[in-house]
Trainee: 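First, the structure itself, so that you have it in front of you.
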Amino acid sequence: MKDKIRNILEDVLPLVDFDSDFLFSELDSLGITTILMTLSDEFGIKLESTDATPKNLKTLDSIVALVEKKLAEK
């Protein structure tokens, strides 16, 4: 799952370092929106602006955890 999400996000945001421990601080509003929309479409889940917290987008692992949580709620 982590590799799949990394590949998806690297395709749409090639300049972002997804290995960063402070990923959220590297993202602007367009980057955050791109992540939410891309993962929503890819996994058929509903990610909203309320999900765009520093905690949820801090690292690639936290993004994976968010997607897995949303999939489990589906």
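Please read these numbers as outputs of a predicted model, since none were measured by experiment. Residues take their numbers from the sequence shown, with the count starting at 1.
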Trainee: More than 12 foreign heavy atoms under 6.0 Å from CE of Met1: is that the case here?
Mentor: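 It does: Met1 CE has more than 12 such atoms within range.
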Trainee: What distance separates Glu10 CD from Leu15 CG, expressed to the nearest 0.5 Å?
Mentor: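 One gets 11.0 Å once the value is rounded to the nearest 0.5 Å.
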Trainee: Return the minimal non-hydrogen interatomic distance between Gly31 and Leu13, and the atom names on each side.
Mentor: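 That would be O-CD1, 3.8 Å.
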Trainee: Does any part of the side chain of Phe24, heavy atoms only, come nearer than 4.5 Å to the side chain of Thr53, both counted from C-beta?
Mentor: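 No, too far: nothing below the 4.5 Å cut-off.
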Trainee: Any heavy-atom pair between the side chains of Phe18 and Glu26 that's under 4.5 Å?
Mentor: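 No, too far: nothing below the 4.5 Å cut-off.
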Trainee: Is Met37 linked to Ile63 within one hydrophobic cluster, defined over Ile, Leu, Val, Met, Phe, Trp and Tyr using a side-chain heavy-atom separation of less than 4.5 Å?
Mentor: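 As far as the 4.5 Å side-chain criterion goes, Ile63 and Met37 are not connected within one cluster.
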Trainee: To the nearest 0.5 Å, what is the distance between NZ (Lys2) and CG (Asn7)?
Mentor: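 Output value for this atom pair is 12.0 Å.
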Trainee: Go through the structure and list residues passing side-chain contact (heavy atoms from CB on, under 4.5 Å) with Leu30, not counting sequence neighbours.
Mentor: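 Counting only residues at least two positions away or on another chain, Leu30 forms a side-chain contact (heavy atoms from CB on, under 4.5 Å) with Asp28, Thr34.
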Trainee: Can you find a heavy atom in the side chain of Lys58 that is under 4.5 Å from one in the side chain of Asp21?
Mentor: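 Lys58 vs Asp21: side chains apart.
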Trainee: Hey, does Val16 have a side-chain heavy atom less than 4.5 Å from the side chain of Leu27?
Mentor: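 Touching, per the 4.5 Å side-chain cut-off.
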Trainee: Hey, does Glu68 have a side-chain heavy atom less than 4.5 Å from the side chain of Phe43?
Mentor: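 Answer no - side chains too far apart.
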Trainee: With side chains defined as the heavy atoms from C-beta onward, is the minimum distance between Glu42 and Lys4 less than 4.5 Å?
Mentor: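 When only atoms from C-beta onward are counted, Lys4 and Glu42 do touch, with a gap below 4.5 Å.
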Trainee: Could you go through Leu9 and Leu39, starting from their C-alpha distance and side-chain angles, then the distance that decides it, and tell me whether this counts as side-chain contact (heavy atoms from CB on, under 4.5 Å)?
Mentor: CA-CA 8 Å; Leu9 295 180; Leu39 295 178; 4.2 Å; yes
Trainee: May I ask you to decide if Phe22's main-chain N or O and Ser25's side chain share a donor-acceptor pair within less than 3.5 Å?
Mentor: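 Here the side-chain-to-backbone pair exists.
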Trainee: What are the two closest heavy atoms between Leu36 and Ala52, and how far apart are they?
Mentor: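 Looks like CD1-CB, 3.9 Å.
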Trainee: What's the separation between atom OG in Ser40 and atom CG in Leu47, rounded to the nearest 0.5 Å?
Mentor: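 Nearest 0.5 Å value for the OG-CG distance: 3.5 Å.
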Trainee: Any salt bridge linking Asp51 with Lys70? Criterion: basic side-chain nitrogen under 4.0 Å from a carboxylate oxygen.
Mentor: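 Answer for the salt bridge query: yes.
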Trainee: Between Thr59 and Asp19, is any pair of side-chain heavy atoms under 4.5 Å apart?
Mentor: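 When only atoms from C-beta onward are counted, Asp19 and Thr59 do not touch, as no gap falls below 4.5 Å.
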Trainee: State whether the side chain of Lys74 and the backbone N or O of Gly44 hold a donor-acceptor pair below 3.5 Å, judged by distance alone.
Mentor: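 Indeed, once roles are kept as given, a pair shorter than 3.5 Å links the two residues.
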Trainee: Quick one: does any side-chain atom of Asn56 pair with a main-chain N or O of Leu66 as donor and acceptor, under 3.5 Å?
Mentor: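 The answer is no, because no donor-acceptor pair under 3.5 Å joins these two groups.
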Trainee: Could you tell me the separation between the OG atom of Ser62 and the CG atom of Leu23, rounded to the nearest 0.5 Å?
Mentor: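 Ser62 OG to Leu23 CG: 7.0 Å, rounded to 0.5 Å.
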